[in-house]
S.K.: 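This is the structure, below, for whatever I ask next.
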Amino acid sequence: MSGNEMPLRRGTVGTLALLVAVVSLSLSGCQLPFGPQLTVSGIVYGEQVAARQAGKSEPIPLRATITCNGASVSSSGDGAFSLSISQSSKYTCTATAPNYSTVTAQFSSKGGSFTLTFGPKRASACTSSASTASAMTCSVLPPVTATLRGTVVDAATDKAMPDELVKCWNTALDGVPGDDTTRITAVTDHLGQYVFHDLPVNPYGCVAGTDQTLQTTTLEPGQITSLDIPVCASDCPHFTYHLGTVVHRLTAYLIFWLPDGYAFEPSGSSSNGRFQHLIEQYFQDVGGTPFYNILSQYYDDVGGPVRNVVTLGGSYVDTTSYPAAGTTRDPLLDSDITGEIDHVISLKQGAWHVDPDHIYFIFTGYNVQECAGSSASDGCTFSHHRETDFCAYHSYSASKVIYAYLPVVDGCLDLPTAQSPNHDPIADAVISTVSHEQFEAVSDPAMDGWYDSTTNEGELADKCLRVYGTISDDGGNVTLANNHRYIVQEEWSLRDQGCALSLASTPGGA
């Protein structure tokens with residue numbers, strides 16, 4: 001060894017090797033990323049299962065696992081997530097959660113960050129190929145699908161019934177894309193059994209064979225739900241469905257046709273505002289109640305049951321003169337009523353719609369007389385012919401408008417009690433008549449829906465005419481929304497095979 005050489009210390013080579021190994025192990029264990037990164041962040045929503053079972057779509061932030069190109073992270077309690085992944089030409093991200101269906105997103109991005117939101121609404125696709133995109137919204141996570149099965153039996157003998165057609169409808173109140181008003185069918189096997197797979201978690205209404213009594217149920221995510229259907233095979237009720245339509249989600253338009261000098265009540269023009277207010281209030285109060293739920297037993301082949309939903313779409317006061325005197329010698333005719341409706345529709349310039357879920361209710365002044373035909377011969381608000389004279393009616397015009405005419409005339413304004421729940425006997429009496437025509441127009445809008453063979457009195461409200469049940473001291477017999485009281489006639493309940501003021505709430509209002 002020369003004088004300039006440093007002595008080699010023992011262990012130097014081994015220490016360096018160990019240091020290199022430790023650094024290598026450390027890098028491997030931490031899996032430190034290399035290269036450009038993309039940060040994906042957003043919020044995950046899922047449809048609340050209980051709300052979906054009640055027929056509504058209510059998104060809530062969801063604890064979920066989000067996986068993007070192999071990297072995963074869990075969202076927090078408010079549904080928020082964020083993760084970093086190596087940049088790529090394409091990205092695939094999925095959101096999964098227990099009891100929920102997986103939603104997959106595919107996109108391209110050249111940026112350093114990307115906002116990816118799952119919900120809060122339903123969406124049919126979640127794909128983007130635009131490399132300049134920096135954000136995308138995908139579908140809310142729906143509950144995982146379920147199975148519905150059961151047995152069709154003779155209601156009298158409990159004997160299983162093979163080869164029976166089973167029809168079921170989703171009875172959801174909300175218009176959920178992809179599964180709203182969906183009808184499904186099956187035929188029972190030799191044991192009388194039927195089964196439907198992969199159904200969205202919604203309330204359902206089902207009928208079987210020739211029996212028209214709706215049976216209802218809800219589904220559990222990923223589970224099998226049983227619904228046995230008893231059917232009437234002989235001596236069945238005569239109040240039946242005639243293959244026409246019903247109004248599934250009612251939107252009501254109100255026309256108060258009141259020229260100058262006329263009033264809705266004999267007290268004069270001072271009563272007009274209160275009369276109009278109470279009529280509007282009824283339409284705002286009736287939907288979603290046990291009273292209107294009676295209608296959810298009625299259905300058609302296309303859209304299923306009537307939903308327990310009523311919307312006041314608008315009201316309009318028209319002071320245009322009547323085309324006739326409105327007397328018994330010169331009454332209004334039905335053509336005048338339909339002409340007035342068409343006139344108001346034209347004034348609204350497309351804001352008021354004509355379709356199977358909209359009904360027009362038109363009111364005329366106090367003791368303004370009308371005849372439902374084309375002449376003043378019979379079928380009038382005043383006495384000509386006992387079988388055809390009326391206090392109100394509903395119909396379906398040549399322009400496909402579903403409407404109800406509500407005159408305010410003596411002889412049709414009697415209450416079954418000395419008290420008036422809204423301290424306005426005339427308005428309360430008219431509201432009871434309104435409910436009568438409303439129920440009939442919803443269940444039989446085009447005169448091919450639900451009725452029996454009784455001449456002129458075959459619709460569901462006719463079967464309970466002047467039947468009020470128990471009336472309280474305030475003069476009312478039913479409490480609707482906002483704790484408002486009314487006096488209304490009872491309506492025909494298929495489940496009870498009798499008149500009723502309410503039907504216990506069932507899923508989806510069915």
S.K.: Considering all heavy atoms of both residues, which atom of V73 and which atom of S82 are nearest to each other, and what is their separation?
M.R.: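 Reported closest heavy-atom pair: CG2-O, 3.8 Å.
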S.K.: Which heavy atom of P61 sits nearest a heavy atom of G79, and at what distance?
M.R.: CB-N, 3.8 Å
S.K.: Are side-chain heavy atoms of V140 and R122 found at a separation under 4.5 Å?
M.R.: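 SC-SC contact between V140 and R122 confirmed.
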S.K.: Applying side chain to side chain contact (heavy atoms under 4.5 Å, CB included), run through L165 and T185 and close with a yes or a no.
M.R.: CA-CA 7 Å; L165 178 65; T185 61; 4.0 Å; yes
S.K.: Starting from the C-alpha separation in whole Å, work towards a yes-or-no answer on side chain to side chain donor-acceptor pair (under 3.5 Å) for Q284 and H484.
M.R.: CA-CA 10 Å; Q284 292 168 328; H484 290 150; over 6 Å; no
S.K.: Got a donor-acceptor contact below 3.5 angstrom from the S75 side chain to the I43 backbone?
M.R.: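 Side chain of S75 to backbone of I43: no pair is present.
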S.K.: Which residue in the set W450, Y241, Y451 passes ring-ring contact (aromatic ring centres under 6.0 Å, His included) when paired with Y298?
M.R.: W450
S.K.: Would you say R149 has more than 12 foreign heavy atoms packed within less than 6.0 Å of its CZ?
M.R.: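 Counting neighbours around CZ of R149, 12 or fewer heavy atoms of other residues, nucleotides or ligands fall under 6.0 Å, so no.
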S.K.: Enumerate, atom names and distances included, each donor-acceptor pair closer than 3.5 Å involving a side-chain atom of residues 186-198, sequence neighbours excluded.
M.R.:
unit_1	atom_1	unit_2	atom_2	d
T188	OG1	M161	O	2.9
T188	OG1	D163	N	2.9
T188	OG1	E164	N	2.8
D189	OD1	L191	N	2.8
D189	OD1	G192	N	3.2
D189	OD1	Q193	N	2.9
Y194	OH	L227	O	2.6

S.K.: Keeping S88 on the side-chain end and K90 on the backbone end, is there a donor-acceptor pair under 3.5 Å?
M.R.: yes
S.K.: So F107 and F114, would you call those rings parallel, tilted or perpendicular, with 30° and 60° as cut-offs?
M.R.: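 Ring orientation, 0 to 90° scale: parallel.
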S.K.: Check the pair V302 / T245 against side chain to side chain contact (heavy atoms under 4.5 Å, CB included), numbers first and verdict last.
M.R.: CA-CA 8 Å; V302 178; T245 59; over 6 Å; no
S.K.: Any sub-3.5 Å donor-acceptor pair from N293's side-chain atoms to A504's backbone N or O?
M.R.: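 At least one qualifying donor-acceptor pair exists.
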S.K.: Keeping T67 on the side-chain end and T94 on the backbone end, is there a donor-acceptor pair under 3.5 Å?
M.R.: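 Side chain of T67 to backbone of T94: no pair is present.
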S.K.: Any side-chain to backbone donor/acceptor pair from S472 onto D474? Under 3.5 Å, distance only.
M.R.: no
S.K.: Does D301 form a side chain to side chain contact (heavy atoms under 4.5 Å, CB included) with W169? I'd like the steps, not just the answer.
M.R.: CA-CA 9 Å; D301 264 343; W169 296 268; 3.9 Å; yes
S.K.: Would you give the length of the straight line joining atom OG of S443 to atom CD of Q297, rounded to the nearest 0.5 angstrom?
M.R.: 11.0 Å
S.K.: Could you check whether the rings of F275 and F256 sit parallel, tilted or perpendicular, using 30° and 60° as the cut-offs?
M.R.: perpendicular
S.K.: When you compare the side chain of T92 with that of N69, does any pair of heavy atoms fall below 4.5 Å?
M.R.: yes
S.K.: Y292 vs F439 aromatic rings, parallel, tilted or perpendicular, using cut-offs 30° and 60°?
M.R.: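 Aromatic pair Y292/F439 classed perpendicular.
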S.K.: Search all heavy atoms of A123 against all heavy atoms of C138 and return the closest pair with its distance.
M.R.: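 Scanning both residues, the minimum pair turns out to be CB-C, 4.2 Å.
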S.K.: What is the distance from atom CG of L250 to atom CG of L312, rounded to the nearest 0.5 Å?
M.R.: 9.5 Å
S.K.: Nearest 0.5 Å, what's the CD1-SG distance between I184 and C168?
M.R.: 5.0 Å
S.K.: So how far is it from L173 CG to S57 OG, rounded to the nearest 0.5 Å?
M.R.: 11.5 Å
S.K.: Is the closest side-chain heavy-atom distance between R274 and N422 below 4.5 Å?
M.R.: yes
S.K.: Quick check: closest heavy atoms across Q281 and Y486, and the distance to 0.1 Å?
M.R.: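 Minimum heavy-atom contact is NE2-OH, 2.9 Å.
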S.K.: Side chains of Y282 and Q438: does their closest heavy-atom pair fall under 4.5 Å?
M.R.: yes
S.K.: Find out whether N170 and P200 are in side-chain contact, i.e. whether some heavy atom of one side chain is under 4.5 Å from a heavy atom of the other.
M.R.: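 The answer is no; the side chains never approach within 4.5 Å.
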S.K.: Mind checking whether Y100 and V144 have side chains closer than 4.5 Å, heavy atoms only?
M.R.: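 No, every pair of side-chain atoms sits at 4.5 Å or beyond.
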S.K.: Is the backbone N or O of P230 less than 3.5 Å from a side-chain atom of D154, with the two atoms forming a donor-acceptor pair by type?
M.R.: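 No, D154 side chain to P230 backbone: no donor-acceptor pair under 3.5 Å.
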S.K.: Does G150 offer a backbone N or O that forms a donor-acceptor pair with the side chain of D228 under 3.5 Å?
M.R.: no
S.K.: For S101 and T145, which heavy atoms make the closest approach, and how far apart are they?
M.R.: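 For S101 versus T145, the nearest heavy atoms are OG-N, 4.2 Å.
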S.K.: When you compare the side chain of F363 with that of V434, does any pair of heavy atoms fall below 4.5 Å?
M.R.: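 A side-chain contact exists here, since the closest heavy-atom pair is under 4.5 Å.
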S.K.: Checking the side chain of E440 only, and the main-chain atoms of E437 only, is there a donor and an acceptor separated by less than 3.5 Å?
M.R.: no
S.K.: Answer yes or no: is there a donor N or O on one side and an acceptor on the other, between the side chain of N477 and the main chain of V488, under 3.5 Å?
M.R.: yes
S.K.: Check S74 against T65 and note the closest heavy-atom contact, atom names and distance.
M.R.: OG-OG1, 4.2 Å
S.K.: Would you mind writing out the side-chain donor-acceptor pairs for residues 350-357 within the sub-3.5 Å range, not counting sequence neighbours?
M.R.:
unit_1	atom_1	unit_2	atom_2	d
D355	OD1	D357	N	2.9
D355	OD1	H358	N	3.3
D355	OD1	H358	ND1	2.5
D355	OD2	H358	ND1	3.0
D357	OD1	H248	N	3.0

S.K.: Heavy-atom distance under 4.5 Å between the side chains of I431 and I279, does that happen here?
M.R.: yes
S.K.: When rounded to the nearest 0.5 angstrom, what is the spacing between CG in D444 and NE2 in H394?
M.R.: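 One finds 5.5 Å between CG of D444 and NE2 of H394.
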S.K.: Is E491 reaching over with its side chain to a backbone N or O of L295, donor-acceptor style, under 3.5 angstrom?
M.R.: no
S.K.: Begin from the C-alpha positions of Y299 and T171 and carry the test side chain to side chain contact (heavy atoms under 4.5 Å, CB included) through to its verdict.
M.R.: CA-CA 10 Å; Y299 58 88; T171 61; over 6 Å; no
S.K.: Supply the atom-to-atom distance Q215 CD to C206 SG, rounded to the nearest 0.5 angstrom.
M.R.: 8.5 Å
S.K.: After noting the C-alpha distance and the side-chain angles of S84 and Q37, does the key distance pass the side chain to side chain donor-acceptor pair (under 3.5 Å) rule?
M.R.: CA-CA 6 Å; S84 295; Q37 298 293 297; 5.1 Å; no
